[in-house]
Amino acid sequence: MWELRSASFWRAVFAEFFATLFYVFLGLGASLRGAPGPLYVLQVALAFGLALATLVQIVGHVSGAHVNPAVTFAFLVSSQMSLLRALCYVAAQVLGAVSGAAVLYSVTPAASRGNLALNTLRPGLGAGQATVVEMFLTLQLVLCIFATYDERRNGRLGPVALAVGFSLTLGHLFGMYYTGASMNPARSFAPAILTRNFTNHWVYWVGPVLGGGVGSLLYDFLLFPRLKSVTERLSILRGARPSDARGQAEGPGAPVELKTQAL
């Protein structure tokens, strides 16, 4: 439980809350305007993509800028963070998303709130099909995040923030016609709470979480294997205190964020 006594841990948790609040506020806010059609899809896709790219630039070095329970789950499966940190991240993301949606709801005229519940299934699309779509959309996003955040790479092909933002934009350009392209359980949960509409809501948890888990396993064990023993992985999941280069434990005020924060 040493993480709970670390100031940098709580900064990271707050960063996830802060970033998810603005992600939902800006992304859903952009979706409230415009008529359905190609231009509307492009507007929403760019809004969410640019919002995420901006937030990665702002808090990527603080928390890793997950801004998404599915991404946090992927890092947990990859044994790159403790279970305690993952639970705190997810709680902060959900609270941040609800807060962002609530602020947006309060400043938006009642007549313009119709698109707040952005995630709806395309007519004729079954819940199982929608789950597969959300899984694949999140899978490509998680693979992009893992590849661009990976501290083992000798070099990166372009800015990390833009790469992640473009990956999210791509997911929206395809998925808007099918599921509304959530790829983020917190983003879907927030408007569902405010509008009290939970129709097919499980799709937007199961699909992204499955995509995140599969993406983590695919990257870590096949595409670019991360050579860690079972003991090392369990130690990280339990939240073992890291040591510095001299083999001594860090002091109470030393940074403890993930290596993936160094974007």
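Since the model is a prediction, treat every value here as computed from it, not as a measurement.
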When you group the ILVMFWY residues by side-chain heavy-atom contacts below 4.5 Å and let the links chain together, are [Y] and [X] in the same group?
| X | Y | value |
| --- | --- | --- |
| Val67 | Phe25 | yes |
| Leu170 | Ile145 | no |
| Val13 | Ile236 | no |
| Val214 | Leu168 | yes |
| Leu21 | Trp10 | yes |

Minimum heavy-atom distance [X]-[Y], with the two atoms named:
| X | Y | answer |
| --- | --- | --- |
| Asn68 | Met183 | ND2-O, 2.6 Å |
| Met81 | Leu76 | O-CD1, 3.8 Å |
| Ala70 | Pro208 | CB-O, 3.4 Å |
| His172 | Ala181 | NE2-O, 3.2 Å |
| Gly165 | Ala53 | CA-CB, 4.1 Å |
| Val203 | Ala127 | CG2-O, 3.7 Å |

Roughly how far, to the nearest 0.5 Å, is [atom2] of [Y] from [atom1] of [X]?
| X | Y | atom1 | atom2 | answer |
| --- | --- | --- | --- | --- |
| Gln57 | Leu162 | CD | CG | 8.0 Å |
| Thr169 | Leu50 | OG1 | CG | 6.0 Å |
| Phe22 | Ile58 | CZ | CD1 | 8.0 Å |
| Tyr89 | Phe17 | OH | CZ | 15.0 Å |
| His66 | Tyr149 | NE2 | OH | 6.5 Å |
| Ser79 | Leu234 | OG | CG | 7.5 Å |

Check: [Y] and [X] side chains under 4.5 Å, non-hydrogen atoms:
| X | Y | value |
| --- | --- | --- |
| Pro69 | Asn184 | yes |
| Met176 | Tyr40 | yes |
| Ser31 | Leu28 | yes |

Hey, is the main chain of [Y] close enough, under 3.5 Å, to the side chain of [X] for a donor-acceptor pair?
| X | Y | answer |
| --- | --- | --- |
| Ser99 | Leu95 | yes |
| Arg85 | Phe9 | no |
| Gln43 | Ala30 | yes |
| Ser106 | Val103 | yes |
| Trp205 | Ser188 | no |

Residues passing the side chain to side chain donor-acceptor pair (under 3.5 Å) test with Asp220, sequence neighbours excluded, are Ser78, Arg226
Check: Should Leu52 and Val164 be marked as a side-chain contact (heavy atoms from CB on, under 4.5 Å) after you check the CA-CA gap, both sets of side-chain angles, and the distance that decides it?
Finding: CA-CA 7 Å; Leu52 184 58; Val164 174; 3.5 Å; yes
Taking atom types as modelled and ignoring hydrogens, do the side chains of Tyr219 and Asp150 form a donor-acceptor contact shorter than 3.5 angstrom?
yes
Could you check whether Glu16 and Ser63, counting side-chain N and O atoms only, form a donor-acceptor pair closer than 3.5 Å? yes
Q: Step by step, work out the side-chain contact (heavy atoms from CB on, under 4.5 Å) result for Val133 and Phe174.
A: CA-CA 9 Å; Val133 170; Phe174 176 88; 4.3 Å; yes
Check: In terms of the angle between their ring planes, are Tyr204 and His201 parallel, tilted or perpendicular, with boundaries placed at 30° and 60°?
Finding: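 Plane angle between 30° and 60°, so tilted.
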Next on the checklist: Asn200 vs Thr179, test: side-chain contact (heavy atoms from CB on, under 4.5 Å). Steps then yes/no.
Outcome noted: CA-CA 10 Å; Asn200 294 316; Thr179 63; over 6 Å; no
Extract all donor-acceptor atom pairs below 3.5 Å that involve side chains of residues 136-143 and protein atoms in other chains or at least two apart in sequence.
from   : atom 1 : to     : atom 2 : distance (Å)
Thr138 : OG1    : Glu134 : O      : 2.8
Gln140 : OE1    : Ser167 : OG     : 2.8
Gln140 : NE2    : Leu137 : O      : 3.1
Gln140 : NE2    : Ser167 : O      : 3.0

Any cation-pi pair here, Arg187 with Phe48, using under 6.0 Å and within 45°?
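Positive - Arg187 is close enough to the ring of Phe48 and near enough to its axis.
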Would you sort out whether Ser6 and Ser8 count as a side-chain hydrogen bond (donor to acceptor under 3.5 Å, both in side chains), showing the intermediate values?
CA-CA 5 Å; Ser6 168; Ser8 59; 2.8 Å; yes
